[in-house]
Amino acid sequence: MKKRVLSILLSSLMLLGLSACADYGVTNSADATAENPMVITLAHNLSDTHVTGIAIQEFADKVKELSGGRIEIRIFPNGTLGSETEVMEQLMAGVVDMTKVSAPRHGHLQRRVPHLRPALPVRE
């Protein structure tokens, strides 16, 4: 338990340091320009060379291209911001905007986060 609390605390401090150093631009796409883009943070635990990691990068590139540079997705790969569980907690707290996690590992969160629920009911 102490190790988990320490891990969450250290992750939070690391994120605070990252956010203090970063300039994330505007907070909505209506005000975004190519010079001052809206930045969306996306954290995941896959390597840059994993097929899904490559797809995430291609997604970010396409968003930037189609928005004319007004929307940028800043990717934190390789577990940079913590484990899948820690990143999911950061998503719920509003620290990161998007994530890619393995659904079976986070089934216990379905009751707390309605967006994680499958489209069709699942028997428990």
Side-chain angles (χ1 to χ4, degrees):
M1 179 68 178
K2 288 182 182 181
K3 185 176 180 181
R4 180 169 167 76
V5 171
L6 181 60
S7 175
I8 291 171
L9 178 62
L10 289 174
S11 294
S12 298
L13 288 173
M14 181 178 74
L15 287 172
L16 181 62
L18 284 173
S19 64
C21 296
D23 176 18
Y24 289 113
V26 298
T27 58
N28 64 65
S29 61
D31 297 333
T33 64
E35 295 77 29
N36 192 22
M38 180 177 109
V39 178
I40 298 170
T41 56
L42 188 157
H44 66 83
N45 292 72
L46 301 170
S47 73
D48 295 331
T49 58
H50 187 280
V51 66
T52 306
I54 293 168
I56 289 170
Q57 183 60 57
E58 289 178 5
F59 167 72
D61 294 342
K62 197 69 169 174
V63 167
K64 188 171 186 174
E65 174 191 330
L66 293 175
S67 70
R70 292 178 35 247
I71 301 173
E72 177 185 325
I73 298 179
R74 188 162 297 157
I75 301 171
F76 294 92
N78 302 312
T80 305
L81 301 183
S83 69
E84 281 193 346
T85 302
E86 291 167 332
V87 169
M88 190 58 135
E89 290 169 352
Q90 294 165 18
L91 178 71
M92 291 167 40
V95 176
V96 297
D97 301 308
M98 298 174 72
T99 187
K100 184 277 172 212
V101 293
S102 301
R105 185 175 289 180
H106 300 288
H108 66 284
L109 295 173
Q110 288 184 0
R111 286 175 177 57
R112 291 176 44 201
V113 184
H115 296 78
L116 292 178
R117 293 186 189 139
L120 299 173
V122 177
R123 291 185 184 155
E124 294 184 23

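Side-chain atoms are counted along with the backbone in the values below, which use heavy atoms only and exclude waters and symmetry mates. Predicted model, so just to flag it, every value in this text is computed and none were measured.
Heavy atoms from other residues, nucleotides or ligands lying under 6.0 Å from NZ of Lys100 number more than 12.
Summarising the geometry of Asn28 relative to Asp31, their closest heavy-atom pair is OD1-N, 3.0 Å, with the distance given to 0.1 Å. Nearest heavy-atom pair across Ile75 and Gln57 is CD1-OE1, 3.5 Å. Between Ile73 and Ala60, the shortest heavy-atom contact is CB-CB, 3.8 Å. Minimum interatomic distance between Gly68 and Ala34 (heavy atoms only, all atoms of both residues): O-CB, 3.6 Å. The two residues Glu72 and Pro37 come nearest to each other via the heavy atoms OE1-CG, 4.0 Å. Closest approach of Thr41 to Val96, counting heavy atoms only: OG1-CA, 3.3 Å.
Put simply, the side chain of Leu91 does not reach to within 4.5 Å of the side chain of Val87, judged on heavy atoms. Side-chain contact between Lys64 and Asp61 is absent, with no heavy-atom pair separated by less than 4.5 Å.
The hydrophobic clustering, which links ILVMFWY residues whose side-chain heavy atoms are closer than 4.5 Å, places Ile54 and Leu42 apart. Both Ile40 and Ile56 belong to a common hydrophobic cluster when Ile, Leu, Val, Met, Phe, Trp and Tyr are linked at side-chain heavy-atom distances under 4.5 angstrom.
A distance of 8.0 Å separates OG1 in Thr80 from NE2 in His44, rounded to the nearest 0.5 Å. Note that the OG1 atom of Thr52 and the NE2 atom of His50 stand 4.5 Å from one another [nearest 0.5 Å]. Summarising the geometry, atom CD1 belonging to Ile71 is positioned 13.0 Å from atom CD belonging to Glu65; distances are rounded to the nearest 0.5 Å.
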Check step by step if side chain to side chain contact (heavy atoms under 4.5 Å, CB included) holds for Met98 and Phe59. CA-CA 12 Å; Met98 298 174 72; Phe59 167 72; 4.0 Å; yes
Ser83 and Thr85: CA distance, side-chain angles, deciding distance, side-chain hydrogen bond (donor to acceptor under 3.5 Å, both in side chains) verdict: CA-CA 5 Å; Ser83 69; Thr85 302; 4.6 Å; no
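In this structure a side-chain-to-backbone donor-acceptor pair under 3.5 Å is present from Thr99 to Ala43.
Partners of Asp48 according to the side-chain hydrogen bond (donor to acceptor under 3.5 Å, both in side chains) rule, which considers only residues two or more places apart in sequence or in another chain, do not exist here.
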